[in-house]
Amino acid sequence: MGHGTNRVEDMSSPNNGTAGAGETVVEIHSVCLPPKKTAFQKLKKRVADVFFPDDPLQRFRNQTWRNRVILGLQSLFPIFTWGSQYDLKLFRSDVVSGLTIASLAIPQGISYAKLANLPPIVGLYSSFVPPLIYAVLGSSRHLAVGPVSIASLVMGSMLSESVSPTQDSILYLKLAFTSTFVAGVFQASLGLLRLGFMIDFLSKATLVGFTAGAAVIVSLQQLKGLLGIVHFTGKMQFIPVMSSVFNHRSEWSWETIVMGVGFLSILLTTRHISMRKPKLFWISAASPLASVIISTLLVYLIRSKTHAISFIGHLPKGLNPPSLNMLYFSGAHLALAIKTGIITGILSLTEGIAVGRTFASLKNYQVNGNKEMMAIGFMNMAGSCTSCYVTTGSFSRSAVNYNAGAKTAVSNIVMASAVLVTLLFLMPLFYYTPNVILAAIILTAVIGLIDYQAAYKLWKVDKFDFFTCLCSFFGVLFVSVPLGLAIAVGVSVIKILLHVTRPNTSEFGNIPGTQIYQSLGRYREASRIPGFLILAIESPIYFANSTYLQDRILRWTREEETRIKEINGTTLKCIIIDMTAVSAIDTSGLEAVFELRRRLEKHSLQLVLVNPVGTVMEKLHKSKIIESLGLSGLYLTVGEAVADLSSTWKAHGQP
């Protein structure tokens, strides 16, 4: 600001138009321009703020070349960070937790593969290779990697809409592996290019509704296994699924229903016990595998007496066969594979990072989001070449891993080793495993995805977020899984656009006895200053909202003049705009400010700007708006503006 520092009378009290006996003196400060920087310096800082907020190179500064190489290896492969301090005590804890999550991962892997309409063996393959890769590249100590229900459901629903998993199983398998490869490339690219903010468009409200809707659809799909229905719809919407259930009542099997309800009750009971008493986590962790063993024995013993209970059948022994030759990079269904890969990649990435950060916060260590994206991406790329489908960190398995006392990612290696033994030697034992127990395991797992408390909190805190949650939920339930997600993301984007294009403005008043100015609508004791209209803008001023803000300020002005006429108050002379919350402004915003000043001037009203931030101040200066406002058009605080202008008016004999 051009005027220097001086002292004036404080005229901010709403009840005093002139200085009284209790008047104080206020110092007026200049509003300074930010230090001059070249265009390159500004661009460098902006790029650093956007893409490198964590300053990843900071630890390399002032280091020898040897230390830089070591730090580089630790940055690329987090296993080198904790590997040098690894000891037998940590190994014992990891072995216990690894074997515990293996008992959960084996039945869940088989179950989730069926959910994705893939051969059950693919679920076990996906519980072997990806955990090994994550143990080397991942930064979370507690994340348990493997197939998850949501990604399995989305992949199964999207691919089966165009390709039948039964009639064209080879093509379906190719598309599943290709989708996994695309998901991995997409995830790793986000990490490498530090574009993780893109997944932030999946807001908490969107995910709450989406996961709840998906959980309901998954649960309804399991009625096929629980009721013993043979001919069941491949659609994922609520109405077709329920129609299929009741249209095939003749296929219901009472033997299957009895077994399913019995084991489902056991699984839900053990889950409830472990939730109430976390120290008994092993009960819910061991119950799926125990249920598989017991149900398999039951079916084996009664196989000659009833054929109503369907079972898995033959599962091939051996390690993951290579599947690089099955990747599908040309043909009519390539677009489907890419779309499926991107959507499942986003969902699995969101879940994996959220789970990793949740348990990291409990143990007071940090999970690097970009490293996690690369780790999850590379393990999916490698998995797609070794007969695996999309994997990520599972909340249920990670919770068990945490409660079992896992200390490092070695627990994933132990789990993979247990899966390896199963693949090599134990596969024939799963021949008589009934499909109904897989349905019961899936049901038990997905019930926890329906978060009633989170939805209620959304309703209490933010009605628009709750509406987004409902859009996501009902979209998944009645339209389709991918379209339901797209609808919710669309509503979230509309919310962002509303905030940007229709930002909040408020009228300020003075809190008596202070130099504090706050919203009249929020603070009842705050009161207007005669002759002033004090407004605050609470957003950047862009091309998208500049016209709206100009019109809104002019409306505030008209309403204030009308109010003054009704009460025969002091004539309005000055419009003060507090720009503290205006973090940025573009050329359209500058033009709007200039036009607003011109229109107010026609009505003999002065425009004053208060406390523009550095970048905004610089643009106001370069656009000559500061010059047009004059010496009394820019202040550091509202209090100083009111005091200085009131003093000036008084000196000129104005009321």
- Query: So, the side chain of Lys619 versus the backbone of Ile585: is there a donor-acceptor pair under 3.5 Å, distance only?
  - Reply: yes
- Any side-chain heavy-atom pair from His142 and Leu362 closer than 4.5 angstrom? no
- Can you measure from OG1 (Thr557) to CG (Leu535) and round to the nearest 0.5 angstrom? 6.5 Å
- Can you name the nearest heavy-atom pair linking Leu477 to Gly213, along with the distance? CD1-O, 4.0 Å
- Query: Are Leu596 and Leu600 close enough that some pair of their side-chain heavy atoms sits under 4.5 Å apart?
  - Reply: yes
- Task: State whether Glu561 and Lys565 are salt-bridged, where the test is any N-O pair (Lys NZ or Arg NE/NH1/NH2 against Asp/Glu carboxylate O) under 4.0 Å.
- Result: no
- Should we count CZ of Phe478 as having more than 12 external heavy atoms under 6.0 Å? yes
- What one should report as the nearest heavy-atom pair of Ala455 and Val208 is N-CG1, 4.2 Å
- Query: For Phe473, which residues count as a ring-ring contact (aromatic ring centres under 6.0 Å, His included) partner, sequence neighbours excluded?
  - Reply: none
- Of the non-hydrogen atoms in Ala214 and Ile150, which two are nearest, and what is the gap between them? CB-CD1, 3.5 Å
- Closest contact, heavy atoms only, Phe508 versus Ser506: CE1-OG, 3.5 Å
- Task: Evaluate the side chain to side chain contact (heavy atoms under 4.5 Å, CB included) criterion for residues Asp462 and Lys495: first the C-alpha distance (whole Å), next the side-chain angles of each, then the deciding distance (0.1 Å), finally the verdict.
- Result: CA-CA 12 Å; Asp462 191 323; Lys495 179 183 178 181; 3.3 Å; yes
- Query: For Val491 and Cys471, which heavy atoms make the closest approach, and how far apart are they?
  - Reply: CG2-SG, 3.9 Å
- Item | Sidechain N-carboxylate O distance under 4.0 Å for Arg563, Glu566 | no
- Neighbour count >12 (heavy atoms, 6.0 Å) for atom NZ, Lys457: no
- Query: Between the side chain of Glu507 and the main-chain N/O of Ser519, is any donor-acceptor distance below 3.5 Å?
  - Reply: no
- Answer whether the closest heavy-atom distance between the side chains of Phe186 and Met373 falls below 4.5 Å. no
- Message: If you define the side chain from C-beta out and look only at heavy atoms, does anything of Ser539 sit under 4.5 Å from Asn545?
- Response: yes
- Message: If you define the side chain from C-beta out and look only at heavy atoms, does anything of Leu190 sit under 4.5 Å from Leu349?
- Response: yes
- Message: Working note: Val367 + Ile353, criterion side chain to side chain contact (heavy atoms under 4.5 Å, CB included); need CA distance, chi angles, decisive distance, verdict.
- Response: CA-CA 8 Å; Val367 167; Ile353 292 177; 5.7 Å; no
- Answer whether the closest heavy-atom distance between the side chains of Lys624 and Glu627 falls below 4.5 Å. yes
- Look up atom CD1 in Ile576 and atom CD in Gln606, then write down how far apart they are to the nearest 0.5 Å. 8.5 Å
- Looking only at side chains, do Asp644 and Tyr635 share a donor and an acceptor under 3.5 Å apart? yes
- Note on the structure: Between Val642 and the options Ile529, Asn510, Val610, the side chain to side chain contact (heavy atoms under 4.5 Å, CB included) test singles out Ile529
- Item | Distance-minimising heavy-atom pair for Gly356 and Ser140 | CA-OG, 4.1 Å
- Taking only residues at least two apart or on different chains, which pairs with a member in residues 536-586 satisfy ring pair (Phe, Tyr, Trp, His ring centres under 6.0 Å)? none
- Note on the structure: Value for CD (Glu640) from CD (Gln515), rounded to nearest 0.5 Å, stands at 8.0 Å
- Any sub-3.5 Å donor-acceptor pair from Ser361's side-chain atoms to Thr358's backbone N or O? yes
- Pair Phe467 + Trp459: ring centers closer than 6.0 Å: no
- Item | Pair Ser348-Gln187, side-chain donor/acceptor within less than 3.5 Å | yes
- Task: Can you establish whether the number of heavy atoms outside Phe359 located under 6.0 Å from its atom CZ is more than 12?
- Result: yes
- Message: Between the side chains of Arg555 and Glu559, is the shortest nitrogen-to-carboxylate-oxygen separation below 4.0 Å, so that they form an ion pair?
- Response: yes
- Item | Listed partners of Arg597 passing side chain to side chain contact (heavy atoms under 4.5 Å, CB included), at least two apart | Phe594, Glu601, Leu607, Ser628, Leu629
- Message: With no hydrogens and no angle check, just 3.5 Å: does a side-chain donor-acceptor pair link Thr206 and Ser492?
- Response: yes
- Task: Classify the side-chain pair Asn611/Thr580 by whether it contains a donor and acceptor separated by less than 3.5 Å.
- Result: yes
- Query: Is a donor on one side and an acceptor on the other found under 3.5 Å between the side chain of Ser646 and the backbone of Ala643?
  - Reply: no
- Does the distance from a Lys or Arg side-chain N to an Asp or Glu carboxylate O, for Lys460 and Asp465, drop under 4.0 Å? no
- Query: So do the side chains of Ile541 and Met579 get within less than 4.5 Å of each other, counting heavy atoms only?
  - Reply: yes
- Query: What's the spacing between Glu538 CD and Asn504 CG if we round to 0.5 Å?
  - Reply: 4.0 Å
- Query: Can you tell me how far the CD atom of Glu351 sits from the OG atom of Ser398, to the nearest 0.5 Å?
  - Reply: 8.5 Å
- Looking at Tyr365, does the NZ or CZ of Arg141 lie under 6.0 angstrom from its six-membered ring centre and within 45 degrees of the ring axis? yes
- Could you tell me the separation between the CG atom of Asp551 and the OG atom of Ser546, rounded to the nearest 0.5 Å? 9.5 Å
- Apply side chain to side chain contact (heavy atoms under 4.5 Å, CB included) to Ile577 and Val608, showing your working. CA-CA 6 Å; Ile577 299 180; Val608 171; over 6 Å; no
- Task: Using the side chain to side chain contact (heavy atoms under 4.5 Å, CB included) rule, take Val154 and Ile343 through it: C-alpha gap first, then chi angles, then the decisive distance, then the call.
- Result: CA-CA 8 Å; Val154 172; Ile343 293 178; 3.9 Å; yes
- Message: So Arg276 and His272, do their side chains get closer than 4.5 Å, heavy atoms only?
- Response: yes
- Query: Should Glu560 and Arg528 count as an ion pair when the cut-off is N to O under 4.0 Å?
  - Reply: yes
